Asks: 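Would you mind keeping the following structure in view while I ask a few things?
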Amino acid sequence: MVRTFCCFITVFLLLPATNIFGQQTDEKQGAYYTGEYPNLFTEAGYAQKDIDAKLEKAYHDLFEGPNRIYFEVEDSLAYVSDIKNNDARTEGLSYGLMVAVQLDKKEVFDKLWRWSKKYMQHQSGQREAYFAWSVNPETNRLNSPGSASDGELYFVTSLLFASNRWGNDTGIDYYAEARRILDAMWEKDGSNRVNHIINVEHKQISFVPEGDGYNWTDPSYHVPAFMEVWADFANDGHEQFYRDCADTARVFLHRACHPVTGLNYDYANFDGSKHDARWMPQAFRYDSWRVPMNITMDYIWFGKDKNWQEDYAGRFQGFLRAQGMNDFVDQYNPDGTEPEWILQAGGFRKLRHSLGLISTSATLSMVDDVDPDFDFVHKLWNAKLEPYGDGYFDPYYDGLLYLFSLMHLSGNYQAILPGQQ
C-alpha cells in the first residue's frame, strides 16, 4: 500500500504543471516572449508599403489632419478630444499615449502626458494621483472629478511601456509617474469613498473606484494582457496579485460573453451577469466593441487561454457574418436580438454599421483559423474613416478603434520590453 502510494506521488510530481486553463505553465510561446507579432495584412496579400501607408494615413487623420482629435496647446502640452461630446477624457488621453508609445512618437507622448498631469490628475486630496475622467479643454475645468477605471489602466500601462522604450532620464521619469499612480491605488481603502481601481476582494477592475461603482465592472475594462505587464514591470511588490487579476479577467470573460453569439453587456457584475444601470438599459453597445480587441491582444501576447479564445472568436465573427458582412449593426442584446432601446451618439439615436465594431471584430482574425478567407481583414482594409451617409462622423471613438485595429493587424501593437526600439 505504501509502495503504491509512493509510486503515485512520483508520477504526480513528474506531470507538467498547468495553469487554470490547462496550459503548461512553462509554455511561453506568445509574442510577448518570442517577439514575433503576426502581420495579418501581409498574410492576406497586401504589400508592406501599402500597409505602412494605410497606417500612416490613419495616424495622420487623427493627429495631424483637418479632422484631427489631437490638439497642441501652451507650447509643450496637447490633448485628445472627444469632438462630438466637446470634452477631453481619460479614455482618449490614455489611448493617445498608447498610440504614441507604440509608434515611437515621444514628443507627442510627452505633450499628452504633461496635459494629463496638469489638467486631469489630482495632485492632492482623497483622489490624489487619480484622474478626472472628463475635462473641458476650452476652460480646463473638470466636468467630473471622479475616475473611470480604464483611464488609469491605460495611463499606467502606457507609462510602463514608455519607461521601457525611452528610459527615464529624457525629461520625464515615466516609471516614477506610473508608480505614483500605482502606489496611490494601494493607499486608497474606501475610507473617503475612494478605492483602489481594482476591487481587491474580487481581483477585478471596477467600473469606477468610488461609491457603488467599486462593486461592479465593465467587461471592456478587462485587459488581462495589461495585468501581465504590470506584474513584470511595476515592481511594486504586488506581482502575484496582478497575475491573479489577469487570470481572473480571463475567467470573467468566459462568464460575461454569451455562449452562442460571444456578445456581452456593457456593464456586468463580478460574476459576469448583467448589471443594470439607472441611466440606460443594458445591451452590447459602444463599450463592448473593445472586448474582442482585448481578447485578441491577450491571445497574441500571452496565449494562456487559447482554447476558449479560439472558440470565442469563432462565435463572435460567426454571429456577425450571419447578420451579413455589410449589414451587422453596432448594438444587440447578447442573445443577438435587437435591443428595444438604442443608445444615442452625437445626436443620433439609430443602429448603424459602425467603423469601430468593423475594426475590432477584424482583430479576431488574428486568432488561428477563425477567418480563413480574411473576410473581416479585407473589410477593415476597405473601410474608411469618413462621415456616414446621414452626416454622423466620429473620428474620436470610431477613429481610435480603427487605428488600434490597424496597429494590431499590421503587427505594430506590441508589449514593449526594456531596450525595445
Side-chain angles (χ1 to χ4, degrees), residues 21 204 216-224 249-277 280-300 305-343 345 350-380 383 397-398 401 404-405 408-409:
F21 307 104
Q204 294 186 43
W216 52 281
T217 190
D218 180 320
S220 74
Y221 293 5
H222 288 251
V223 190
R250 294 174 182 121
V251 172
F252 166 83
L253 289 167
H254 291 199
R255 298 168 177 162
C257 298
H258 193 276
V260 176
T261 66
L263 305 175
N264 58 271
Y265 291 108
D266 266 8
Y267 303 151
N269 298 309
F270 291 134
D271 63 0
S273 62
K274 175 178 68 170
H275 180 86
D276 291 310
M280 70 175 183
Q282 285 305 291
F284 176 93
R285 308 191 196 279
Y286 303 110
D287 276 20
S288 298
W289 302 352
R290 298 178 290 210
V291 171
M293 181 176 66
N294 296 338
I295 290 174
T296 297
M297 185 194 306
D298 188 45
Y299 179 87
I300 296 298
D305 189 19
K306 297 185 75 167
N307 289 340
W308 181 84
Q309 290 167 341
E310 289 169 2
D311 179 69
Y312 163 85
R315 286 185 281 122
F316 193 98
Q317 282 197 348
F319 169 76
L320 295 185
R321 194 189 302 275
Q323 309 309 300
M325 287 295 292
N326 297 315
D327 300 312
F328 63 79
V329 294
D330 54 11
Q331 298 182 51
Y332 290 99
N333 293 316
D335 66 1
T337 57
E338 182 177 319
E340 294 182 5
W341 187 87
I342 307 301
L343 179 61
K350 62 184 295 186
L351 299 173
R352 63 177 72 246
H353 190 57
S354 288
L355 177 62
L357 181 56
I358 291 168
S359 301
T360 60
S361 64
T363 66
L364 286 173
S365 298
M366 301 179 77
V367 174
D368 287 350
D369 300 324
V370 72
D371 185 18
D373 296 321
F374 302 106
D375 292 340
F376 284 85
V377 179
H378 295 314
K379 183 171 180 61
L380 175 60
Y397 196 59
D398 268 348
L401 295 185
F404 272 167
S405 298
H408 277 296
L409 285 162

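Nothing here was measured: the structure is a model prediction, and the numbers come from that model. Hydrogens, waters and symmetry mates play no part in the numbers below; they use all other heavy atoms, side chains included.
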Asks: Using the test ring pair (Phe, Tyr, Trp, His ring centres under 6.0 Å), find all partners of Y299 that sit at least two apart in sequence or belong to another chain.
Replies: none
Asks: How would you list, by chain and number, every residue that makes a salt bridge (Lys or Arg N to Asp or Glu O under 4.0 Å) with D311, sequence neighbours excluded?
Replies: R315
Asks: List for me each residue that meets side-chain hydrogen bond (donor to acceptor under 3.5 Å, both in side chains) alongside Q323, sequence neighbours excluded, and say none if there are none.
Replies: none
Asks: Can you name the closest pair of heavy atoms from V329 and L357 and give their distance?
Replies: O-CD2, 3.4 Å
Asks: Considering residues at least two apart in sequence or located in another chain, which fulfil the side chain to side chain contact (heavy atoms under 4.5 Å, CB included) criterion with R250?
Replies: F21, P224, E228, A246, D247, D298, F302, K304, D305
Asks: Taking only residues at least two apart or on different chains, which pairs with a member in residues 358-372 satisfy salt bridge (charged side-chain N to carboxylate O under 4.0 Å, His left out)?
Replies: R321-D371
Asks: How would you list, by chain and number, every residue that makes a salt bridge (Lys or Arg N to Asp or Glu O under 4.0 Å) with D330, sequence neighbours excluded?
Replies: none
Asks: Using the test side chain to side chain contact (heavy atoms under 4.5 Å, CB included), find all partners of P259 that sit at least two apart in sequence or belong to another chain.
Replies: none
Asks: Going through the distances and angles, do E310 and V370 end up as a side chain to side chain contact (heavy atoms under 4.5 Å, CB included)?
Replies: CA-CA 7 Å; E310 289 169 2; V370 72; over 6 Å; no
Asks: Applying side-chain hydrogen bond (donor to acceptor under 3.5 Å, both in side chains), name anything that partners D335, two or more places apart in sequence or on another chain.
Replies: T337
Asks: Ring pair (Phe, Tyr, Trp, His ring centres under 6.0 Å) with H258: which residues, sequence neighbours excluded?
Replies: none
Asks: With sequence neighbours excluded, what pairs up with A277 under the side chain to side chain contact (heavy atoms under 4.5 Å, CB included) test?
Replies: Y267, W279, Q282
Asks: Given 3.5 Å as the limit, does a donor-acceptor pair link the side chain of Y286 with the main chain of L343, or not?
Replies: yes
Asks: Could you tell me the separation between the CG atom of L380 and the CG atom of L409, rounded to the nearest 0.5 Å?
Replies: 6.0 Å
Asks: State which residues pass side-chain hydrogen bond (donor to acceptor under 3.5 Å, both in side chains) with S288; sequence neighbours excluded, sorted by chain then number.
Replies: N264, D266
Asks: Is a salt bridge present between D276 and K274, judged by a nitrogen-to-oxygen distance below 4.0 Å?
Replies: yes
Asks: Excluding sequence neighbours, so at least two apart, what forms side chain to side chain contact (heavy atoms under 4.5 Å, CB included) with R255?
Replies: V251
Asks: Provide the closest heavy-atom pair for F319 versus L263 in the form atom of the first, atom of the second, distance.
Replies: CE2-CD1, 3.7 Å
